[in-house]
Structures are given as C-alpha cells and as structure tokens.
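What follows is a set of notes on a single structure, which appears directly below.
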2 protein chains.
Amino acid sequence: MTDQRPSARTGRDRGIPDATVARLPVYLRALSALADAGSDTVSSEELATSAGVNSAKLRKDLSHLGSYGTRGVGYDVELLTEEISLALGLSQRWAVALVGVGNLGHALAGYAGFASRGFRIAALLDADPARVGELIQGINVQHIDDLPAVVEHEGISIGVIATPAPSAQLVCDQLVAAGVTSILNFAPCVLSVPDGVDVRKVDLSIELQILSFHENRKAFGAQPNQFAKKQPPGRLTTLPGGAAGTPPAREVVNE
Amino acid sequence: MTDQRPSARTGRDRGIPDATVARLPVYLRALSALADAGSDTVSSEELATSAGVNSAKLRKDLSHLGSYGTRGVGYDVELLTEEISLALGLSQRWAVALVGVGNLGHALAGYAGFASRGFRIAALLDADPARVGELIQGINVQHIDDLPAVVEHEGISIGVIATPAPSAQLVCDQLVAAGVTSILNFAPCVLSVPDGVDVRKVDLSIELQILSFHENRKAFGAQPNQFAKKQPPGRLTTLPGGAAGTPPAREVVNE
DNA sequence: ATTTGTGAAAATATTCACAGCG
DNA sequence: CGCTGTGAATATTTTCACAAAT
C-alpha cells in the first residue's frame with residue numbers, strides 16, 4: 001500500500017512477487033483442507049477453486065517456487081504443502097511477542113490459528129502495571145520494560161502490536177530496539193521503522209470503509225449492474241455444487 | 001486478492017481504482033490527525049508523509065476524486081475530508097450486523113474505531129442459544145435465526161463474520177439471504193457469494209505468514225540458491241542509525 | 001515561488017493460450 | 001488425452017517529470 005516494498009529486489013528480479021507471497025498462505029490452507037479430506041493430489045483447477053483464485057494465477061504463482069506438479073496429473077498435496085511451507089519460512093516455529101492485552105489482545109492471544117500455523121506466542125506484554133501478572137491462555141503478562149530480556153531469551157523476531165494508537169509508535173520503537181524485525185500492527189496508525197524492519201497492518205475500520213465505498217456504489221453507483229455486453233465468457237464460474245438454500249455462488253477471497 | 005473485483009468496470013473505465021479506494025481511508029485518518037493538530041491546509045507532501053505514501057501517489061489518488069487542491073498552496077483539510085468521506089460513502093451511517101460473539105466478536109463489538117468512522121453496530125448475533133441474551137457493550141445478543149427480521153428492521157447492509165471457520169459459509173449464506181450485500185470475514189476460509197455481494201477478509205494468520213516469509217529471507221539471505229552475481233546492491237542494510245533510542249525511521253503503512 | 005494535476009514511462013500483476021510432458 | 005508450466009498479451013499500479021495555476 002505504500003512505500004514498504006519488503007520483497008522487491010533492489011535491481012533485477014529473482015524473487016517471489018509480493019502478490020504471490022500474499023496468496024501462498026491461502027493455498028496452504030486450501031491444501032490443508034484437501035489433505036484432511038483425504039486427497040493425495042489436486043489439479044490446479046481444483047486447488048484454485050478452493051483457494052478462490054483462477055487456475056492460471058495459481059499455476060503462475062506456483063511456478064515461482066519451482067516445478068512441483070506432474071503434467072497430466074496435478075500436484076501432490078503433501079509435497080506441495082511442504083514446498084510452500086518452506087518458501088514461506090514456516091519450517092521453523094517463529095516466536096511472537098504480543099504487546100497490549102486489552103480486548104483485542106485477549107482475542108489474539110486466544111486465537112488458535114496462530115499456533116496451528118507455526119507461530120508460538122512466546123510473550124504477552126503490557127505497559128499497564130495493573131495488567132502485569134495476569135494469566136492469559138496460560139501465559140503470564142509481563143511489563144513492556146522487560147521486552148529486551150524477553151526478546152533475547154525467547155528468540156523473538158516477530159512482534160504484534162495490539163495497543164491503542166497513541167502508544168503504538170512507542171511500542172514499535174521498543175520492539176525494534178529489542179531486536180524485533182517484523183511487526184504486525186493492529187493499531188490504527190502509521191508506524192515508522194528503520195530499513196530492514198517489515199511492517200504489516202490490519203485495520204478493521206479501513207476494511208469497513210472500503211466496503212462502504214462499494215456499498216455506496218451499489219446504491220447510487222455509476223454502473224449499478226454493468227451493461228454486460230455479452231458476459232465475460234467463462235468467468236465467474238458457477239460453482240458446481242451450488243447449495244440449495246444458497247445463491248449461485250462465486251468464489252471470493254479478497255481484494 | 002483474488003477474483004473478486006468489486007469495482008472494476010467490466011469494460012472501459014470510469015471509476016476510482018481499487019488501489020486508490022484502499023488508500024482513501026488512510027488519508028482520511030491522516031487528515032483527521034492534522035485537523036486535530038490545528039492545520040487548515042496541507043500540501044500533498046505533508047499529507048503523503050503522514051499517510052505513509054509518496055506524494056505522487058497521493059496526488060494521483062486524489063485526482064480521481066476531482067480537483068480539490070489549490071496550486072501553490074495545498075489542500076484544505078476540511079474540504080478534502082468531506083470529499084473523501086463522500087467518495088467513500090461515509091456521509092451516511094451504515095448499520096452493521098456482527099455475527100459471532102466469541103473472543104474476537106467481543107473485541108470487535110468493543111472496537112471504538114467503528115463508531116468513530118461512521119459505522120454503527122446495530123446487532124450482535126450468535127448461533128449458540130447460551131449466548132443469546134448476553135449484553136455486550138449495551139447491545140443484546142440475538143439468535144442468528146432472527147437475522148432476517150433484524151436486517152430488515154435496522155436497515156443493515158454490512159455484515160461482519162467473526163465465527164469459527166466451519167460456520168462461516170452458513171452464516172454468510174444467511175446474511176446474503178437476509179439482504180446483506182457487503183461482508184467482512186474474519187473466519188479463516190474462502191466464502192462463496194453470489195454476484196453483487198462484496199466480501200473482504202481479514203486473516204490474522206495469513207499476515208503472520210507473510211511476515212514469516214520476509215523474516216525468513218532476512219535470516220537466510222535474499223536468494224537461498226542464488227548464484228548471486230555480485231551481491232544484490234544495497235539490500236539487507238545494516239541499519240544506519242542502529243541503536244540509540246529509535247533509528248532513522250521510514251514511513252510504513254502496508255502492502 | 002510553490003504546489004497541484006496529469007500525461008507518459010516504468011514496474012507489477014493478471015490472464016490468455018498453447019507447446020510439451022507424463 | 002489431461003494438465004502443467006510459461007511466453008506473450010493485457011491490465012493495473014506506481015513513479016516520473018513538468019506544464020499550468022495561483
């Protein structure tokens with residue numbers, strides 16, 4: 001969205017495109033579901049459908065990792081899972097520090113999806129002395145001033161900021177000073193960090209505002225329902241098993 | 001990230017680009033901060049900096065809304081705020097239904113950023129009868145089966161899904177059937193919806209996995225298998241101002 | 001003097017369509 | 001055959017750089 005271009009190679013290219021990296025976790029989840037369902041192999045078409053993308057994009061994305069498919073057959077679910085995990089650096093278990101144990105912090109601390117994807121919440125911290133000592137999900141809340149020690153001791157390289165906006169930059173600075181080099185920011189503000197530190201943000205109200213835009217257009221928009229000239233040929237596949245009580249259906253992931 | 005292209009006009013263009021729409025809320029927030037700080041006008045350079053983008057992008061983005069700046073001067077903070085709000089459809093107060101009042105649902109229900117940006121949580125719903133009747137933030141939790149009545153009565157067009165993944169598609173179908181046309185999905189799964197319904201998702205573990213990718217690269221060099229010709233020039237910079245409180249700083253927003 | 005607004009250029013991302021492999 | 005992997009074609013987004021406006 002900005003300036004931050006964590007992946008872009010400075011000059012000539014030879015890495016995985018950002019857009020692809022952002023989709024790999026989605027493929028991973030789809031693969032996980034397929035494996036649970038007992039599939040050994042998947043075609044790009046199937047996998048793409050369950051990930052909510054089209055198959056050309058999926059194949060192009062996977063091609064950046066190497067050639068792990070078999071022509072005429074598809075991809076081995078287990079092998080592909082491993083390769084994507086490897087590419088994402090998920091073969092190791094990252095230790096994460098979560099700062100701010102308010103409402104949202106509590107919810108994040110209890111979020112099962114972290115653990116299941118190779119992340120371990122190694123520390124909970126807060127600036128409020130009243131919160132220090134509280135036990136959340138079996139983890140003791142420590143004071144933010146202990147950050148340097150905790151980061152060092154636990155080998156933490158990823159920090160999550162779930163504080164109110166006014167404290168976020170200070171916490172961010174503390175995380176960086178302690179050696180954290182990747183930050184996930186839930187506070188609704190822009191963070192400034194030195195080069196070499198990656199920041200991603202999740203902003204709930206921004207997402208709603210984007211929906212507001214589309215909602216508004218649906219209501220008053222220029223092209224309420226597009227004058228479809230003839231229907232973009234085979235796009236927007238009507239999914240096979242379009243449930244009974246549910247409309248036609250279109251796979252959708254995001255943005 | 002996928003297929004869903006809520007805004008893209010089918011053929012010729014005549015709308016605000018998606019990438020721009022996604023940044024408008026950020027500008028709005030920066031403007032709000034500037035107004036609080038007492039500024040009457042801002043240059044594209046200043047506003048861009050506080051929003052974490054570069055000024056060319058900012059100006060290009062704003063140019064899609066019209067010409068609201070004054071050459072040689074800058075933008076009137078109040079006027080620009082109004083114009084962006086208008087473009088985003090925030091001049092009206094959207095009623096939102098939040099489904100799933102577990103950990104995350106509780107946190108979302110209490111999130112101040114919604115109300116402050118023109119959204120009103122008009123209903124909390126859950127499928128668990130044990131939760132019905134609970135009072136959260138002054139709002140009574142209702143049973144999901146009451147959805148149609150509630151949506152109609154409150155004029156709800158935006159739904160937020162904060163249920164576990166296995167229930168998300170069902171809830172989504174119910175929201176759509178009740179008339180909701182925009183959905184913000186926090187459940188880690190792909191939703192399928194009919195045409196005309198917009199979905200955005202927020203996936204906490206995906207964000208972490210993306211950070212993992214970058215963290216991994218920082219740890220094991222840019223190209224694991226790269227026959228690097230000469231060293232990618234200035235990458236992986238040893239942070240300039242390193243220690244001492246906080247480093248040089250670089251504005252960062254996201255993706 | 002400044003600073004906007006914008007064509008044109010460059011960089012990214014997506015989609016097409018098919019050669020080639022199993 | 002069927003399906004992957006990928007060049008080539010599009011589409012979108014970002015950046016440059018400067019004429020025009022105040």
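All heavy atoms count here, side chains included; hydrogens, waters and symmetry mates do not.
With hydrogens and angles ignored, the 3.5 Å screen pairs no side-chain donor or acceptor of B:Arg117 with any backbone N or O of B:Leu90.
Between the CG atom of A:Leu80 and the P atom of D:dC3 there is a distance of 16 Å, given to the nearest Å. C:dT4 atom C1' lies 14 Å from atom CG of B:Leu79, rounded to whole Å. For the pair B:Leu62 CG and D:dT15 P, the interatomic distance rounds to 15 Å; values are reported in whole Å. Look at NE2 on B:His64: it is 9 Å from P on D:dT13, rounded to the nearest Å. Between the C1' atom of D:dT13 and the NZ atom of B:Lys57 lies a distance of 8 Å, rounded to the nearest Å. Protein atom CZ of A:Arg23 is 9 Å distant from nucleotide atom P of C:dT15, rounded to whole Å. Between the C1' atom of D:dT13 and the CG atom of B:Leu58 lies a distance of 15 Å, rounded to the nearest Å.
The side chain to side chain contact (heavy atoms under 4.5 Å, CB included) test applied to B:Thr20 returns B:Ile16, B:Pro17, B:Arg23, B:Leu24, B:Asp61, B:His64, not counting sequence neighbours. With sequence neighbours left out, the side chain to side chain contact (heavy atoms under 4.5 Å, CB included) criterion links B:Glu82 to B:Glu78.
A:Gly89 approaches B:Ser212 most closely through the heavy-atom pair O-OG, 3.3 Å. Listed here is the closest heavy atom pair of A:Gly113 and B:Ser205: O-CB, 3.7 Å.
Applying the 4.0 Å criterion to OP1 and OP2 of C:dG5, one finds that B:Tyr75 has a side-chain N or O inside that range. Between A:Ser67 and the phosphate of D:dG5, there is a side-chain N or O to OP1/OP2 separation shorter than 4.0 Å.
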**Request:** Sugar-phosphate means primed atoms, P, OP1 and OP2; the rest is base. With that split, encode nucleotides 16-22 of chain D 5' to 3' as B, S or - using protein heavy atoms under 4.0 Å.
**Result:** -B-BBBB
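Nearest-nucleotide positions on DNA chain C place B:Ser43 closer to the 5' end than the other of A:Thr20 and B:Ser43.
Atom CG of residue B:Leu88 and atom OH of residue B:Tyr27 lie 11.5 Å apart, to the nearest 0.5 angstrom.
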